[in-house]
Every structure is written in structure tokens, then in C-alpha cells.
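Input: a single structure, listed below in C-alpha cells.
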Amino acid sequence: MRLKKMVVAGTAALVAVTLTACGGGFEAPAEGGTDATGGAGAPEAETVFKVAFNQNADQPEAVAMTNLGERLAERTDGRYTLEVFPNETLGAQKDTVELVQSGTVDFALVAGSLLENFNPDFVALNLPYVYDSQEHQEAVLNDPEITGDLFTSIEDQNLRVLGGFSAGVRSVYNSSHPIEAPEDLDGLKIRVMESDTNTRMLDLMGGTGTPMGQGEVYTAIQSGVLDGGENNESIYANLKHAEVAPYYSYTKHLMIPDYLITSPAVFDAMSEEDRAVFLEELEVAYEESSELTTKVMTESQAAAEEAGAQFNEPDIEPFRTAVEPLLDESLTTDTAKDLYDSVRAAAK
């Protein structure tokens, strides 16, 4: 299990990023900001690494990576820093993976499901109920004994996974009623990420999985095209889905990690000493993002409740049982099965 470190640098940003009173949005950290090119402002350095991110600059991972850049500049005497480009400024996640491969973008934060395209064994870390909690996910995600071989398995495709961040726990919400059991999802069209695995997951849970881009969900629920969605409390509050789907049920079915990826050429161009500094500060970034994620989810629930949302805690065991066929369908190699078993063993 990764040892937790005290977050010293960047604590001010951790405190400053809070939910605003209107709509569950976030206030940007005073020392962060966004420059004219869309990147979260970086300190001057000889080399400024571009970091692509699909969400806004105030999300926990973006804040943690921005603060990592500041510490990196200080510890390398100005040789290196990071600049985070949020809101898909450098392209959609799928595109930024290709840009990292080509060396056009230095680093990117991408959803774990995208890496299944490069090694299908990554699916073992993306399945429903593979993690019992955020703490469980964080304990295994960057444990080299569990994920080390997987993370290096795509280097022959010019991608290196430096580590993973917990992106919160996803649950179901809808416009009709609280979900207490799988049968309560019967007949409900629930938006899922555009993935066959996630569509199948929601179908097994009792509803009808409906792939759709996130930006269309509010209107689709409002018009009756959808009955609800599934996501963490932060996205639920930020996108104001409580206004059209006020019943949020903690099914806690999915935790998709976000990976920090780069190309071997970019990372190996640094000296051994600077690479070691980067990885040390990345450990601090994991912890900072974790603490901020916990804080943000709590505040997001409160903001959603103020907007009229009702939260309930169903027994998750019937849902866990319902999605078991997906495990057999997805874990098709011995490596994937062993990886899944290792993650589950760490929960016991």
C-alpha cells in the first residue's frame, strides 16, 4: 500500500478551491488562473510541459498537477514545470492520447477505459465494484506489485503510465424515484459513458444503459429522452442535474481511474535525478487530489441537496450480484483475471 505523505506545498490551493453558492460550481484558486491559451498558469522554467485535461482547471486532479508543476520548478532550479490545459483545450481525451504518442503533447490525464484500446487487460481496473471505496482504489492503483507490469505494458506503443488518480465514485440518479433495488431501475433510460461495457453494466443493473455525450444529458432528462444518469456528486452538482433528476441513489457501482500518461521519450529526456523528483512530487499530488476529492464530494452533495436533490443509500449487494456476468465477459485473459483478483484481495 502506498504510504500517505503530508501535503505541504499547495495547501493554500486545497483550501481555496470550494463550491460556490450558485449551482455547485468551484472557485478557482487565487494563485492558479488560466492564461490566454487556456492553460492553468505555470511558473517560468526552461521547459514547460503541457498537460491535457478534459475537465475544468478547478477539479482536484488539475489543481494537484498545477501545484506539482510549481514544486517541480522549485526543486529542479527552474529546469522544468507543468502547465495544465483544461476543458479539452488540447483536444478530447481520445485525441490527446494520440498527441502524447506523437510527442505533440507532453502529458495527459485520461480515463482508464481509453487505455483498454492499447491493452485490453486495463479493463480489470475499470469494472463495476472492483473497488470497495476510494481508499481501496488509491491503495492499489499505484502499487507496483499490482499495477507495475500493466502500466509498462504499453510502452512499445509509445505510451508510459506514470500513475493513476481516483476520480470519485459513480452512482445512479433519476427523475422518478429513489433506487433501492435493481428492479427499481426497470424501464429507466440511464445515460452512461460511450462504452459497450458501461452500457452492458447498466442493463445488468436493471435499467437501460443509454450512451450519450455529457453535454447533452441535462436537456435529454428535461425532455424525457433520458430518465437519469450515473456519475459522482461533483459532476451531478456542477451540471445542475439535480434540477431535472433529483433522486440520487448511492449504488456506488463504478470507479474509473484517471491515468497520467506521457511518452517514454519525453520522460526519459529528463535526468535521472529530475525524474526521481517528478515521481516524488507525483506521490504528493496523489494525496492532494485525494483529500480535495473527498472535500469536493461532500460539498457537492450539500449543494445538490440545496437544489432539491434527495440522496439515499440502497443495499449495494444486489447490484454487485447483478453485474457479475460482466466480469466473466470482460476478464478474458489470465493476466486480467490475476489483476482483478489482486485488486479484490487487497480489499480484504
message: Could you tell me if Lys337 sits above the aromatic ring of Tyr340, with its cationic atom closer than 6.0 Å to the ring centre and no more than 45 degrees from the axis?
response: no

- line: Paired with Asn54, the side chain to side chain donor-acceptor pair (under 3.5 Å) test is passed by just one of Gln214, Gln93, Glu88, namely Gln93

Could you see if [X] belongs to whatever hydrophobic cluster contains [Y]? Use Ile, Leu, Val, Met, Phe, Trp, Tyr and a side-chain cutoff under 4.5 Å.
X: Leu279; Y: Leu72; answer: yes
X: Val172; Y: Val217; answer: no
X: Leu109; Y: Tyr80; answer: yes

Report yes if some heavy atom in the side chain of [X] is under 4.5 Å from a heavy atom in the side chain of [Y]; otherwise report no.
X: Thr47; Y: Met270; value: no
X: Val343; Y: Ile146; value: yes
X: Met193; Y: Leu254; value: yes
X: Phe311; Y: Glu305; value: yes
X: Thr251; Y: Met205; value: yes
X: Thr219; Y: Val244; value: no
X: Phe49; Y: Glu83; value: no
X: Phe278; Y: Leu68; value: yes

Counting only heavy atoms not in [X], do more than 12 fall under 6.0 Å of its [atom1]?
X: Glu272; atom1: CD; answer: no
X: Asn312; atom1: CG; answer: yes
X: Asp196; atom1: CG; answer: no
X: Lys189; atom1: NZ; answer: yes
X: Glu183; atom1: CD; answer: yes

Backbone of [Y] reached by a side-chain donor or acceptor of [X] within 3.5 Å:
X: Asp95; Y: Gly91; answer: no
X: Asn126; Y: Phe122; answer: yes
X: Ser195; Y: Thr197; answer: yes
X: Ser249; Y: Ile179; answer: yes
X: Asp338; Y: Thr335; answer: no
X: Ser223; Y: Ala220; answer: yes

Tell me yes or no: between the side chains of [X] and [Y], is some donor less than 3.5 Å from an acceptor?
X: Asp227; Y: Ser176; answer: no
X: Gln55; Y: Asn87; answer: no
X: Gln137; Y: Ser166; answer: yes
X: Ser290; Y: Gln134; answer: yes
X: Thr104; Y: Ser102; answer: yes
X: Thr76; Y: Asp274; answer: no

- prompt: Would a line drawn from the ring center of Tyr259 to the ring center of Phe165 be shorter than 6.0 Å?
  reply: no

message: Ring centroids only, cut at 6.0 angstrom: are Tyr131 and Tyr129 within range, meaning strictly under it?
response: no

message: Measuring from atom CG of Asn198 to atom OG1 of Thr210, what distance do you get when rounded to the nearest 0.5 angstrom?
response: 12.5 Å

message: How long is the straight-line distance from CZ of Phe267 back to CZ of Arg160, given to the nearest 0.5 Å?
response: 7.0 Å

Looking at [X] and [Y], what are the two nearest heavy atoms and their distance?
X: Ile256; Y: Ala111; value: CG2-CB, 4.3 Å
X: Ala336; Y: Thr333; value: N-OG1, 3.0 Å
X: Pro264; Y: Glu155; value: CG-O, 4.3 Å
X: Ala124; Y: Val130; value: O-CG2, 3.5 Å
X: Gly209; Y: Thr199; value: O-CG2, 3.5 Å
X: Pro60; Y: Leu292; value: CA-CD2, 3.6 Å

Does the pair [X]/[Y] count as a salt bridge with the N-to-O cut at 4.0 Å?
X: Arg191; Y: Glu216; value: no
X: Lys252; Y: Glu313; value: yes
X: Arg320; Y: Glu324; value: no
X: Asp132; Y: Arg344; value: yes

message: Using side chain to side chain contact (heavy atoms under 4.5 Å, CB included), reason through Arg170 and Met255 one step at a time and then give a plain yes or no.
response: CA-CA 6 Å; Arg170 301 172 76 99; Met255 297 181 66; over 6 Å; no

- prompt: Lys295 and Glu299: salt bridge (charged side-chain N to carboxylate O under 4.0 Å, His left out), yes or no, with the steps?
  reply: CA-CA 6 Å; Lys295 179 175 183 288; Glu299 293 175 336; 3.3 Å; yes

Residue from Tyr250, Tyr173, Tyr218 passing ring-ring contact (aromatic ring centres under 6.0 Å, His included) with Tyr236: Tyr173

